[in-house]
Amino acid sequence: MPGRLAGKVAIVTGAARGQGAAVACEFGLEGAAVALLDVLDDAGRAVAEQIERGGGRARYVHCDVSQEDDVRRAVEAAAAAFGGLDVLYNNAAVVAYFRKIGELPTAEWDRTLAVNLRGPFLCAKHALPHLVSRGGGVVINVSSHGAVQASPIGCADYAVAKGGLITFTYYLASEYGPQNVRANCILPGPVPTDLNAAFLATPEGRAACAQMIPLGRVGELADIARAAVFLASDEAKWISGATLRVDGGIVVQ
């Protein structure tokens with residue numbers, strides 16, 4: 001039985017580990033050809049090889065999403081390798097916890113916004129011509145529950161960038177909807193990734209986090225990946241400009 005993304009070509013940024021790797025693998029299982037963009041070359045190649053061993057098509061491309069020349073080259077390489085582009089999944093991000101605003105180095109603020117907000121802009125800018133040329137496509141931006149809920153763990157730079165992604169998604173949906181490009185935003189709750197290792201690395205930390213979540217558990221990478229497949233698929237073909245919280249209800253707690 002064909003997968004829900006059969007015949008589609010997808011780019012996933014930050015695909016070498018964590019949520020990005022999980023989404024890239026799920027896209028591959030659902031039939032998409034996947035270009036994995038990251039700066040962690042060995043890990044990125046390993047994920048691409050994993051997809052190919054499972055019968056999928058994948059290609060790893062080194063890319064620092066904060067650098068326009070890197071992005072331009074990577075998007076062109078992905079489109080050339082697979083004959084076009086249908087889905088852009090903007091996942092690449094950095095975060096440093098436990099710094100209040102007055103203690104945050106300016107260089108750290110700039111770096112976070114460069115990767116987490118400038119990066120999705122650059123990727124969308126260079127992917128959009130390919131999406132439009134195919135008669136339409138999908139952009140999925142990965143925000144965070146922290147974009148709509150202040151956190152006591154000190155990550156204002158991360159949250160501000162992720163909040164900006166929500167507004168950026170609205171503009172993508174508005175400006176490119178007439179060309180059949182859908183843009184949506186996923187807001188994940190706490191899931192076990194390297195970025196969240198500071199507070200989810202121990203059973204005690206996971207238990208404390210789970211107590212804040214109405215559904216009573218920390219999320220799994222598969223929870224995010226399945227939501228991503230839905231938004232990328234034709235099942236969501238009349239959904240655009242939406243923010244989908246995949247967070248176990250933490251924001252309403």
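Just so it is clear, the values below take in all heavy atoms, side chains as well, and ignore hydrogens, waters and symmetry mates. Along the sequence shown, the residues carry numbers beginning at 1.
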Tell me every residue that passes salt bridge (charged side-chain N to carboxylate O under 4.0 Å, His left out) with [X], counting only those two or more places apart in sequence or in another chain.
X      : answer
Arg4   : Glu30, Glu235
Asp157 : none
Lys162 : none
Lys125 : Glu68

Under 3.5 Å, is there a donor-acceptor pair between the side chain of [X] and the main chain of [Y]?
X      : Y      : answer
Thr112 : Tyr158 : no
Asp247 : His145 : no
Asn184 : Ile239 : yes
Ser143 : Leu165 : no
Asp70  : Val65  : no

Using 0.5 Å steps for rounding, measure from the [atom1] atom of [X] to the [atom2] atom of [Y].
X      : Y      : atom1 : atom2 : value
Ile213 : Ile250 : CD1   : CD1   : 4.5 Å
Phe82  : His130 : CZ    : NE2   : 14.0 Å
Leu88  : Asn90  : CG    : CG    : 4.0 Å
Gln179 : Leu131 : CD    : CG    : 10.0 Å

Distance-minimising heavy-atom pair for [X] and [Y]:
X      : Y      : answer
Ala21  : Ala16  : CB-C, 4.1 Å
Ile224 : Pro188 : CD1-CB, 3.6 Å
Leu36  : Ala15  : CB-CB, 3.6 Å

Q: Hydrophobic side-chain clustering at under 4.5 Å (ILVMFWY, transitive links): who's grouped with Val252? Put none if nobody.
A: none
Q. Should side-chain heavy atoms under 4.5 Å link Ile, Leu, Val, Met, Phe, Trp and Tyr, which residues sit in the same cluster as Trp109?
A. Leu104, Leu113, Val160
List the atom pairs, with distances to 0.1 Å, where a side-chain N or O of residues 44-57 and a protein N or O form a donor-acceptor pair under 3.5 Å, not counting sequence neighbours.
none

What residues form a side chain to side chain donor-acceptor pair (under 3.5 Å) with [X], not counting sequence neighbours?
X      : value
Asp41  : Tyr60, His62
Glu108 : Arg99
Arg226 : none
Ser66  : Asp64, Arg111

**Q.** Inter- and intrachain pairs under side chain to side chain donor-acceptor pair (under 3.5 Å), touching residues 163-178, at least two apart
**A.**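 Found Asn141-Thr169.
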Q | Lys237 bridged to Asp234 by N-O distance under 4.0 Å | A | no
